[in-house]
Amino acid sequence: MPHTLYRKRKSVWGLTIISNMGKIILTGDRPTGKLHLGHYVGSLRRRVELQNSGAFDKIFIMIADAQALTDNADNPEKIRQNIIEVALDYLACGLDPQQSTIFIQSQVPELCELAFYYMNLVTVSRLQRNPTVKTEIQMRNFETSIPVGFFTYPISQASDITAFRATTVPAGEDQQPMIEQTREIVRRFNMIYGDTLVEPEILLPNNAACLRLPGTDGKAKMSKSLGNCIYLSDTPEEVRSRVMSMYTDPTHIRVEDPGKIEGNTVFTYLDAFCKPEHFAAYLPDYNSLDELKAHYQRGGLGDVKVKKFLNAILLEVLEPIRTRRKEFEQDIPAIYDMLKAGCETAREVAAATLNDVREAMRINYFDDSELIEAQSNRYKTN
Ligand code: ATP
Ligand code: MG
């Protein structure tokens with residue numbers, strides 16, 4: 001049974017309206033490339049589980065093209081081309097348009113208007129403190145030339161989340177500062193204008209290795225921008241070559257040498273993907289990941305054996321995704337139709353929230369007969 005929340009909202013007429021709000025998910029990805037294992041463990045796998053659990057009343061999945069343009073303004077073609085790639089990856093992983101509304105951010109202009117109002121509620125210094133944006137600015141060498149749109153994208157993200165009255169945002173750890181920023185905006189908005197917006201919560205992966213999956217090069221995060229990814233649609237050969245050249249422990253030179261687990265990407269990936277049954281299937285000499293780790297740490301276990309094990313697991317995970325993707329690739333126009341329908345649904349929902357926001361901010365002049373009457377009374381001469 002869907003769990004239902006009730007929320008109070010004051011109207012301009014001073015009445016209190018009780019609105020029936022459900023458990024709602026909003027999450028998404030930037031169409032800057034195909035989706036990779038980091039997306040999968042950080043958010044995508046969970047979204048599909050939550051969708052299939054039936055515990056949520058509404059699920060909105062956004063392809064964040066407008067946000068992607070904030071640091072790709074000179075390359076709109078890249079964003080345009082990748083919309084379909086992200087949509088294919090979604091469908092291949094099991095997101096189902098019958099249960100989840102999949103839409104494209106730029107097609108819901110209400111989001112821009114909300115962001116414009118929220119900008120008044122956030123200071124420049126607060127934006128400057130956002131650790132994820134700080135890292136991203138460094139990564140993109142933006143220090144002296146940060147586009148305003150990029151700098152303010154946490155505010156735009158707050159409008160994406162609140163427009164759908166999302167209660168839950170399944171995302172990786174890098175999104176935590178964005179959700180915190182959104183919560184602050186919601187509290188400030190509700191304090192100034194009355195209880196209107198819903199405060200969301202982030203739903204982080206429950207496995208530490210998935211909070212921020214490192215890249216195959218051992219760098220802190222697998223990221224399209226860093227070119228250290230295994231993509232969900234990579235061929236088995238591509239996956240194998242990525243796995244076999246993965247960063248491990250540079251001091252583990254000979255098989256007999258003791259090896260380190262910490263910071264060893266292959267073991268981090270095993271933490272993220274390995275299940276007990278994988279041992280019987282692919283590495284029956286061991287019973288558990290702890291046993292495998294202990295052997296590696298005391299020496300006598302080579303990287304190649306561990307990498308082959310990881311490769312077998314990743315093949316098992318990725319094979320059904322790749323097969324489903326191939327099927328969806330056969331009818332691309334149907335995917336654009338699905339996205340178009342999703343945009344229409346999303347727009348209706350966002351427009352309803354925007355109406356509430358305008359009403360709360362008292363900029364709904366023409367809907368407010370009381371205002372018109374009061375102003376006319378002021379000018380009536382007896
Ligand atoms: P870009 O480099 O364009 O920013 P990205 O690879 O960081 O792309 P996003 O579209 O910014 O991907 O992220 C989409 C979602 O995937 C977010 O919820 C984010 O937390 C999650 N995510 C991305 N990379 C990882 C990762 N390496 N580990 C865990 N979650 C991740
Ligand atoms: Mg990112």
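In this chain, residues are counted from 1 in sequence order. Just so you know, ligand 1 is whichever comes first in the structure, and atom 1 is the first atom listed for that ligand. Model, not experiment: these values are computed from the prediction.
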Open item on the list: Looking at R242 and D234, is there a salt bridge between them, counting it only when a charged N and a carboxylate O are closer than 4.0 Å?
Closed with: no
- [ ] Please say which of L204, V169, T132 ends up in a side-chain contact (heavy atoms from CB on, under 4.5 Å) with Q176.
- [x] L204
Task: Carboxylate-amine/guanidinium proximity below 4.0 Å for R322 and E319 - done: yes
Task: Side chain, backbone, both or neither: L211 near ligand 1, heavy atoms under 4.0 Å - done: backbone
Open item on the list: Using a 3.5 Å cut-off on N or O atoms only, is L213 in polar contact with ligand 1?
Closed with: yes
- [ ] Please report the C-alpha distance between R188 and E184 in whole Å, then the side-chain angles of each, then the deciding distance to 0.1 Å, and finally whether the salt bridge (charged side-chain N to carboxylate O under 4.0 Å, His left out) criterion is met.
- [x] CA-CA 6 Å; R188 199 157 152 69; E184 282 175 35; over 6 Å; no
Task: Any donor-acceptor N/O pair, T182 side chain to M178 backbone, under 3.5 Å - done: yes
Open item on the list: Centroid separation under 6.0 Å, is that true for the rings of Y286 and F309?
Closed with: no
- [ ] Name all pairs fulfilling the salt bridge (charged side-chain N to carboxylate O under 4.0 Å, His left out) condition that reach into residues 144-159, sequence neighbours left out, sorted by first residue then second.
- [x] none
Task: Numbered atoms and elements of ligand 1 in range of Q175, under 4.0 angstrom, heavy atoms - done: 17 (C), 18 (O), 20 (O)
Open item on the list: If you measure every N or O of H39 against every N or O of ligand 1, does any of those distances drop under 3.5 Å?
Closed with: yes
Task: R30, any N or O under 3.5 Å of ligand 1 N or O - done: yes
- [ ] May I ask you to identify, for K219, whether its side chain, its backbone, both or neither come under 4.0 Å of ligand 1 on a heavy-atom basis?
- [x] neither
Task: Among Y247, Y296, Y269, the one residue meeting side-chain hydrogen bond (donor to acceptor under 3.5 Å, both in side chains) with N264 - done: Y296
Open item on the list: If we only consider heavy atoms of L37, is any one of them less than 4.0 Å away from an atom in ligand 1?
Closed with: no
Open item on the list: Checking the side chain of Q51 only, and the main-chain atoms of D96 only, is there a donor and an acceptor separated by less than 3.5 Å?
Closed with: yes
Open item on the list: For ligand 1 and H36, I'd like to know whether there is a polar contact (N/O to N/O, distance under 3.5 Å).
Closed with: yes
TODO: Run down the list G215, A171, G38 and name the one with the heavy atom closest to atom 30 (N) of ligand 1.
DONE: G38
Open item on the list: With heavy-atom distances below 4.0 Å as the criterion, list the atoms of ligand 1 near G42.
Closed with: 29 (C), 30 (N)
TODO: Answer yes or no: does an N/O atom from D174 fall short of 3.5 Å to an N/O atom of ligand 1?
DONE: yes
Task: ligand 1-proximal atoms of R212, by part, heavy-atom distance under 4.0 Å - done: backbone
Task: Basic-acidic side-chain contact under 4.0 Å: K78, D65 - done: no
- [ ] May I ask you to identify, for C210, whether its side chain, its backbone, both or neither come under 4.0 Å of ligand 1 on a heavy-atom basis?
- [x] backbone
- [ ] Please test Y117 against Y193 for side chain to side chain contact (heavy atoms under 4.5 Å, CB included), starting from the C-alpha separation and ending with a verdict.
- [x] CA-CA 12 Å; Y117 301 139; Y193 303 115; over 6 Å; no
TODO: Compute the shortest N/O to N/O distance between K221 and ligand 1 and return yes if it is under 3.5 Å, no if not.
DONE: yes
TODO: Give yes if a backbone or side-chain nitrogen or oxygen of T32 is under 3.5 Å from a nitrogen or oxygen of ligand 1, and no if not.
DONE: yes
- [ ] Mark the output for G33 as yes if a heavy-atom distance to ligand 1 is under 4.0 Å, and as no if none is.
- [x] no
- [ ] May I ask you to check whether V41 has an N/O atom sitting below 3.5 Å from an N/O atom of ligand 1?
- [x] no
Task: Contact check, P214 vs ligand 1, heavy-atom distance below 4.0 Å - done: no
Open item on the list: Could you check whether D271 pairs with K293 (Lys NZ or Arg NE/NH1/NH2 to Asp/Glu carboxylate O, under 4.0 Å)?
Closed with: yes
Task: Atoms in ligand 1 flagged as close to R140, the criterion being non-hydrogen separation under 4.0 Å - done: 4 (O)
Task: N or O contact, G172 vs ligand 1, cut-off under 3.5 Å - done: yes
